[in-house]
Visitor: 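A single structure is presented below for examination.
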Amino acid sequence: MPEINMRQALNQALREELLHDPTVHIWGENVEGVGGGFLITMGLSNEFGERVKDSPLAETAIVGAAVGAAYCGLRPVVELMFADFTYICMDEIVNKMAKVRYSFGAYNDVKLPIVVRMKVGGYFAQSSEHSQTPLAHFMHTPGLKLVFPTTPYEAKGLLKTAIRDDNPVLFFEHIIHFAAKGEVPEEEYFIPFEEANIRREGSDVTVVAIGYMVDLALEAAEELAKEGVSLEVIDPRTLEPLDMDTIMGSIEKTGRVVVVDEDVTRCGIPAEILMQIFEQLTEAGKTPVPMARVGAANTPIPYSPELEKAVLPSADKIIEAVKKVLV
Amino acid sequence: MPEINMRQALNQALREELLHDPTVHIWGENVEGVGGGFLITMGLSNEFGERVKDSPLAETAIVGAAVGAAYCGLRPVVELMFADFTYICMDEIVNKMAKVRYSFGAYNDVKLPIVVRMKVGGYFAQSSEHSQTPLAHFMHTPGLKLVFPTTPYEAKGLLKTAIRDDNPVLFFEHIIHFAAKGEVPEEEYFIPFEEANIRREGSDVTVVAIGYMVDLALEAAEELAKEGVSLEVIDPRTLEPLDMDTIMGSIEKTGRVVVVDEDVTRCGIPAEILMQIFEQLTEAGKTPVPMARVGAANTPIPYSPELEKAVLPSADKIIEAVKKVLV
Amino acid sequence: MKLTHEDKILLYRNMLRGRKYDEALTKMFNKGQVPGMWHSGIGHEAVGAGVATFLRQDDWLEVTHRGITHGLAKGLDARMWLAEHLGRVGGYAKGKGGHHCADREHGILIGGGTIGSCFPIAAGAGLAAKRLGKDQIVVCLFGDGAAQRATLHSCMNLAGVWNLPIVWVCENNLYSITTHVKNAIAAENIADLAHSYNMPGEIVDGQDVLMVTEVVMDAVERARNGKGPSLIECKTYRFREHGEGEIPTPYRTREEVKEWKKRDPIKLFRYLLLDEGVVTEEDLNAIGTKLDKEVAETVDWAIESPMPALEEAFTDIYVE
Amino acid sequence: MKLTHEDKILLYRNMLRGRKYDEALTKMFNKGQVPGMWHSGIGHEAVGAGVATFLRQDDWLEVTHRGITHGLAKGLDARMWLAEHLGRVGGYAKGKGGHHCADREHGILIGGGTIGSCFPIAAGAGLAAKRLGKDQIVVCLFGDGAAQRATLHSCMNLAGVWNLPIVWVCENNLYSITTHVKNAIAAENIADLAHSYNMPGEIVDGQDVLMVTEVVMDAVERARNGKGPSLIECKTYRFREHGEGEIPTPYRTREEVKEWKKRDPIKLFRYLLLDEGVVTEEDLNAIGTKLDKEVAETVDWAIESPMPALEEAFTDIYVE
Ligand SMILES: Cc1ncc(C[n+]2csc(CCOP(=O)(O)OP(=O)(O)O)c2C)c(N)n1
Ligand SMILES: Cc1ncc(C[n+]2csc(CCOP(=O)(O)OP(=O)(O)O)c2C)c(N)n1
Ligand SMILES: [Mg+2]
Ligand SMILES: [Mg+2]
């Protein structure tokens with residue numbers, strides 16, 4: 001199988017879907033030519049003409065138009081250069097995209113097939129407005145699907161599934177993953193939503209890690225293996241829908257769990273997943289297991305690289321949390 | 001002490017602060033004359049002239065200008081007609097207001113004294129874009145303070161504290177509370193932040209309730225008292241800063257806790273508070289207590305009143321959750 | 001476009017139909033039969049009928065919160081609309097949407113609860129229309145208040161630079177709730193904004209249904225022929241308060257209201273039709289009588305129609 | 001405003017000073033000494049010096065991500081600015097802010113990471129200036145890309161309707177990263193947008209520092225005299241790629257870049273000064289030599305200056 005990086009994998013998925021369905025249209029800032037801030041759409045405008053088009057610098061228009069266009073028959077796959085810019089178009093995402101089917105669609109069977117792709121993540125000294133990983137806001141918003149691949153293989157398979165989905169999907173791509181290489185089949189394939197991926201099997205502690213945190217969790221697992229501690233690392237891949245069964249199955253085995261997310265800890269996804277675990281255990285009449293969470297500190301993301309590292313999760317912080325639940 | 005409703009209490013606080021400090025300025029949609037959507041600013045434009053001014057219908061400008069104006073020496077107290085409209089100006093709130101001191105202010109000792117007041121809440125058949133209570137997003141955003149009064153007395157004392165605070169404060173007012181009456185002193189007073197209010201003492205279960213949920217929790221307490229179950233109802237009043245000490249003290253006594261919030265449950269405030277409780281207990285070497293949360297279902301807020309009630313929290317749902325933790 | 005006698009009668013009927021449904025809902029609201037909000041559009045009927053009557057079914061129309069005449073003229077089902085406002089299961093969203101209606105079958109776009117969210121929706125509809133190549137066009141209505149929202153700029157600019165088939169129609173009724181447009185918009189006229197987007201801008205007497213129709217349909221023609229967007233400002237007035245149930249406050253004078261009511265668009269058009277000899281008094285009264293019957297029947301049906309089952313609250317969030 | 005010889009020499013020095021700091025940071029970036037991003041403003045110096053040199057210290061200036069000449073001319077401390085870019089504790093935000101600088105003491109507003117967030121900040125600054133009554137004014141710089149953001153409309157409208165003392169200055173360098181302004185803005189010229197806000201709009205050769213100064217300072221005067229906002233579009237060009245480290249791609253031609261480089265604003269002004277006999281070659285070279293020394297010292301200082309302690313990450317979130 002050819003080895004390609006995540007950029008190329010995403011590009012392949014987009015190209016295949018543009019070929020597959022004439023209603024797939026791409027727009028966003030600087031997506032023509034070499035393909036915008038992160039080169040994901042490289043070459044597609046040459047092949048597909050106006051179906052891959054530079055938009056003005058206007059996130060409200062980019063994402064808002066996706067809502068209108070999807071209602072009227074297109075299948076927009078739009079790009080936000082940075083996930084931090086979702087804050088510019090939250091009304092379009094939260095008050096519209098997420099609610100259209102519920103508030104307007106019941107009788108008309110309205111479908112809103114939209115994918116909003118965006119770069120997330122820190123560790124790159126891009127300062128507080130270009131480094132966030134704001135998934136929790138959207139997991140808090142009923143009506144959206146959330147996808148966060150961690151390998152080129154998954155990026156392609158999940159993006160194709162996202163584009164075929166008839167619901168609005170937010171698709172997150174971590175800056176550190178763009179250059180990471182992996183094997184990607186040339187033939188078409190799809191990765192279903194709501195199937196967590198057990199990235200490493202283990203027996204002592206379940207670590208649920210989101211996005212780039214999977215890499216850090218695997219690093220921690222490697223480290224802890226030396227001390228004889230065995231981590232099971234689970235990547236949920238989609239946060240909505242969320243495959244709680246795989247997580248609960250793993251906890252059944254390990255009896256301990258740590259959830260890791262790059263976003264601000266407070267009111268974040270780890271608290272949610274841990275509460276669901278607690279509730280499911282309680283519901284089943286079981287005693288709660290030791291639980292811990294790792295996330296970003298309660299600060300904006302600082303620019304200076306060492307400070308940024310101090311604020312964001314790291315393999316060391318995961319190890320620390322694992323040791324807590326091991327006691 | 002005179003009995004007044006929450007509108008009047010808020011109006012008193014605004015008037016006193018306008019008199020106290022010439023840099024306090026108010027703007028927002030329709031705040032002149034009788035005072036906008038909810039009559040809170042009634043009469044103030046007559047007394048204070050352009051210091052209480054109708055803005056255009058433009059939330060990005062209303063809230064964004066507050067950031068610029070506070071940086072340059074005003075103490076803006078702006079009004080958003082509905083909290084649902086925070087989604088329109090999330091960039092201004094999350095990427096700017098919350099971060100200015102951290103990202104720009106360290107050397108210049110920049111202060112950003114802003115209060116954004118806004119109506120929240122459902123149970124009023126105002127449909128999915130006028131009924132939300134979106135606090136969790138902001139508790140997830142470091143740099144903001146969050147205040148949610150539940151009585152006229154608190155409304156006045158907390159709003160005055162908010163206006164004197166040198167940090168940006170989001171101030172939430174529940175639609176159902178506007179007409180509710182209570183005793184409010186005529187003399188000036190301030191209610192400090194980070195002081196939870198024990199609204200009802202009890203011994204069996206601690207119920208932490210936010211905003212209007214306090215009313216529902218008190219209703220549930222009344223009901224359960226008949227069955228011999230004693231609830232301690234705690235209103236945190238400020239979510240940031242959050243008075244965890246009072247909450248932990250209560251749990252020490254009751255050994256059980258339910259957290260209630262009107263917002264969507266998933267990735268909401270109850271999960272956060274419960275995780276903090278879990279962490280503090282674990283840290284202290286104690287076993288976790290029975291915990292449950294009550295919040296809105298994972299749907300947009302429906303219009304039809306019975307459906308809305310089915311989705312939002314109720315005294316009955318709180319009773320149900322209490323019974324779960326009592327088992 | 002050249003209007004036949006039948007066309008004119010249709011315009012009259014559509015204005016009157018909107019008015020009668022509006023009055024009916026206003027009445028129901030004041031009887032406490034409407035659970036949520038109601039924004040009467042009485043006074044705006046010339047715009048409503050003028051923009052919507054002669055659009056194709058597959059054209060797209062974005063209406064405001066005051067857009068019942070407009071919606072009905074475009075094909076909105078009165079029963080489903082009314083049922084939705086009453087929170088009944090027979091409504092467009094099974095009672096879950098409420099005030100804001102959409103009807104994809106009849107080309108009615110998503111009416112958002114956040115004023116000014118019409119602009120991106122319409123821009124997207126225009127883009128879809130253009131790319132799908134079926135000669136559809138979009139008419140987007142918005143108020144003078146909405147014209148103050150930031151979104152106007154990014155979306156009118158998009159429409160301009162991508163040459164989208166959109167007719168932007170402002171219903172300038174002078175007020176955004178209690179704020180006069182002069183205290184909220186810097187431009188002399190809202191039509192002036194067209195200049196920023198390199199599109200034609202025109203001002204129309206919004207109480208004159210023939211003028212609205214003519215100017216809008218010319219712009220529709222332009223859009224359909226690939227000549228891009230236009231902006232039309234209709235000067236109109238709301239006869240009732242912003243939201244039903246609100247009491248009048250001194251933000252506008254009684255005299256102003258009275259002056260405008262003299263220019264009731266339905267009365268004006270009625271005089272004109274009679275004057276032109278297009279119809280007789282009897283003809284017009286017959287239209288009214290027929291509509292009264294229709295409205296009464298719709299109201300009765302809607303009031304009798306069932307509430308949604310509670311489980312409906314938990315459906316329609318995702319497509320399965 | 002009438003410029004003296006000293007004024008002109010100051011303008012030249014401010015342009016050159018910006019250029020030299022810009023080149024220094026560009027060099028440092030390419031040596032891997034800058035942890036984050038760097039957007040060179042080489043080519044924009046006439047705008048930078050023209051808008052900022054003659055403002056009062058208590059006037060407010062909002063600069064773009066390409067605004068180093070502008071900031072320095074307004075009084076930004078070069079050491080603190082450079083230290084901030086290198087993530088050092090001696091920077092304006094102790095290294096926590098990075099690319100975007102603010103200096104309240106010298107009237108430099110918050111430079112946001114989200115392009116187009118300048119508009120609300122400047123509107124608020126203008127409001128504060130007006131209400132505090134100290135005759136301050138605001139100059140807000142923004143790019144042709146920023147001009148596409150929705151926020152422009154709500155804020156220019158606010159400035160217009162509230163008659164705020166703001167001079168909006170667009171640095172139209174033809175591109176937003178790789179997108180040409182013709183493919184992104186419907187208006188012929190960005191200055192046309194002024195019409196929507198009932199304010200004067202003017203187009204200026206952004207490579208001509210005297211013209212920029214004259215037109216901007218006239219608008220500053222208007223604003224200071226309570227006559228409200230203006231919009232000025234400076235036609236300029238960025239000589240380097242959008243972000244340092246990016247390789248040129250075919251979005252623009254080599255010829256176009258070459259043509260524009262012939263209109264290097266510093267060279268043009270140098271010729272003019274010599275031509276006018278304001279200064280001699282030696283004078284100008286002496287200015288350059290002195291600046292070289294200053295820049296070298298600043299760079300040395302910044303590179304030697306310490307990183308923030310890790311605890312700094314957790315401070316300055318709230319005022320105690
Ligand atoms: C974003 C947003 N801000 C404020 C409101 C509250 N609101 C509802 S209608 C309205 C006035 C709208 O005025 P205009 O657009 O002129 O329409 P009109 O009511 O006059 O027909 C306002 C402020 C809202 N729904 N959405
Ligand atoms: C809201 C937002 N969208 C996109 C970006 C990414 N971005 C940074 S600079 C830039 C181009 C800005 O163009 P312009 O305003 O013309 O300034 P120039 O870079 O040409 O000086 C873009 C798209 C951003 N930082 N913020
Ligand atoms: Mg209006
Ligand atoms: Mg540019």
Side-chain angles (χ1 to χ4, degrees), chain B residues 22-25 27 50-51 53-76 78 88-92 94-114 142-145 165-169 193 240-241, chain D residues 60 62 77 80 84 89-98 100-105 107-114 116-132 134 136 138 150-151 153-159 161-162 164 308 312-313 315-320:
Chain B
T23 67
V24 171
H25 288 240
W27 61 87
E50 71 165 5
R51 285 176 62 202
K53 197 166 169 67
D54 278 5
S55 73
L57 196 174
E59 287 74 11
T60 43
I62 294 169
V63 171
V67 177
Y71 183 87
C72 297
L74 290 190
R75 194 170 276 273
V78 298
I88 294 173
C89 48
M90 282 289 258
D91 186 49
E92 288 70 27
V94 172
N95 278 332
K96 300 290 157 328
M97 196 184 286
K99 291 174 182 161
V100 164
R101 184 170 168 84
Y102 190 84
S103 297
F104 302 108
Y107 163 79
N108 287 300
D109 191 27
V110 169
K111 297 179 177 73
L112 217 61
I114 299 171
L144 304 170
K145 294 193 177 182
D165 200 292
D166 279 335
N167 295 287
V169 179
F193 290 175
E240 167 61 48
Chain D
W60 298 106
E62 172 86 19
D77 184 284
M80 292 184 75
E84 189 61 36
V89 69
Y92 272 103
K94 305 182 189 161
K96 294 191 280 192
H100 314 294
C101 259
D103 178 346
R104 198 160 54 168
E105 193 187 335
I108 295 172
L109 294 168
I110 309 154
T114 49
S117 57
C118 54
F119 300 114
I121 303 290
L127 179 59
K130 179 168 176 159
R131 296 284 175 87
L132 294 172
K134 296 182 204 148
Q136 295 156 285
V138 179
T151 40
H153 174 63
S154 57
C155 297
M156 290 206 181
N157 182 51
L158 191 79
V161 79
W162 286 0
L164 302 179
E312 287 293 0
T315 62
D316 300 313
I317 301 152
Y318 296 98
V319 183
E320 292 313 314

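From a predicted model like this one, the values you see are computed outputs, not experimental measurements.
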Visitor: Would you indicate whether the side-chain heavy atoms of B:Asn95 and D:Ser117 approach each other to under 4.5 Å?
Guide: no

Visitor: Do you know which of D:Gly107, D:Gly111, D:Gly91, D:Gly126 has the most heavy-atom pairs under 4.5 Å to chain B?
Guide: D:Gly111

Visitor: Based on non-hydrogen pairs under 4.5 Å, which of B:Ala98, B:Pro22, B:Ala66, B:Ala69 is most in contact with chain D?
Guide: B:Ala69

Visitor: Which value, rounded to the nearest 0.5 Å, describes the distance between D:Tyr318 atom OH and B:Glu240 atom CD?
Guide: 3.5 Å

Visitor: Heavy-atom cut-off 4.5 Å, strictly under: side chain, backbone, both or neither for B:Glu59 against chain D?
Guide: neither

Visitor: With a 4.5 Å cut-off on heavy-atom pairs, point out which of D:Val319, D:Ile121, D:Ile317 contacts chain B the most.
Guide: D:Val319

Visitor: Please flag which part of B:Lys96 lies under 4.5 Å from any non-hydrogen atom of chain D: side chain, backbone, both or neither.
Guide: side chain

Visitor: Please flag which part of B:Lys99 lies under 4.5 Å from any non-hydrogen atom of chain D: side chain, backbone, both or neither.
Guide: neither

Visitor: Chain D: which of B:Gly64, B:Ala70, B:Pro142, B:Ser55 shares the most heavy-atom pairs with it under 4.5 Å?
Guide: B:Gly64

Visitor: Taking the side chain as every heavy atom from C-beta outward, state whether D:Glu105 and B:Asn108 have any atom pair closer than 4.5 Å.
Guide: yes

Visitor: To the closest 0.5 Å, what do you measure between CG (D:Asp316) and CZ (B:Phe104)?
Guide: 13.5 Å

Visitor: With B:Lys53, which residues qualify under side-chain hydrogen bond (donor to acceptor under 3.5 Å, both in side chains), at least two apart?
Guide: none

Visitor: Do B:Asp109 and D:Arg104 have side chains that get closer than 4.5 Å, going by heavy atoms?
Guide: no

Visitor: Compare every heavy atom of D:Ala123 with every heavy atom of B:Ala65, then report the nearest pair and how far apart it is.
Guide: CB-C, 4.4 Å

Visitor: Is it true that the side chains of B:Thr60 and D:Thr151 contain a donor and an acceptor less than 3.5 Å apart?
Guide: no

Visitor: Can you say whether D:Ala313 sits under 4.5 Å from chain B via the side chain, the backbone, both, or neither, judging by heavy atoms?
Guide: both

Visitor: Is chain D contacted by the side chain of B:Val110, its backbone, both, or neither, given a heavy-atom distance below 4.5 Å?
Guide: both

Visitor: Any chance you could measure B:Ser103, atom OG, to D:Glu84, atom CD, to the nearest 0.5 Å?
Guide: 8.5 Å

Visitor: Is B:Val67 close to D:Pro120 at the side-chain level, that is, under 4.5 Å between some pair of heavy atoms?
Guide: no

Visitor: What's the spacing between D:Leu158 CG and B:Ile62 CD1 if we round to 0.5 Å?
Guide: 8.5 Å

Visitor: Taking all non-hydrogen atoms of both residues into account, name the closest pair between D:Arg131 and B:Arg51 and its distance.
Guide: NH1-CA, 4.0 Å

Visitor: Can you measure from CE (B:Met97) to CD1 (D:Ile110) and round to the nearest 0.5 angstrom?
Guide: 10.0 Å

Visitor: Quick check on the interface: out of B:Pro56, B:Cys89, B:Pro168, B:Pro113, who has the most heavy-atom pairs with chain D under 4.5 Å?
Guide: B:Pro56

Visitor: Can you confirm whether B:Tyr107 sits close enough to D:Met80 that some side-chain heavy atom of one is under 4.5 Å from a side-chain heavy atom of the other?
Guide: yes

Visitor: Heavy-atom distance under 4.5 Å to chain B: side chain of D:Ile108, backbone, both or neither?
Guide: backbone

Visitor: Name all residues meeting the side-chain hydrogen bond (donor to acceptor under 3.5 Å, both in side chains) criterion together with D:Thr315; count only those two or more places apart in sequence or in a different chain, and write none if there are none.
Guide: D:Lys96, D:Glu312

Visitor: I need the residue from D:Leu127, D:Asp103, D:Leu109 with the largest number of non-hydrogen atom pairs under 4.5 Å to chain B.
Guide: D:Asp103

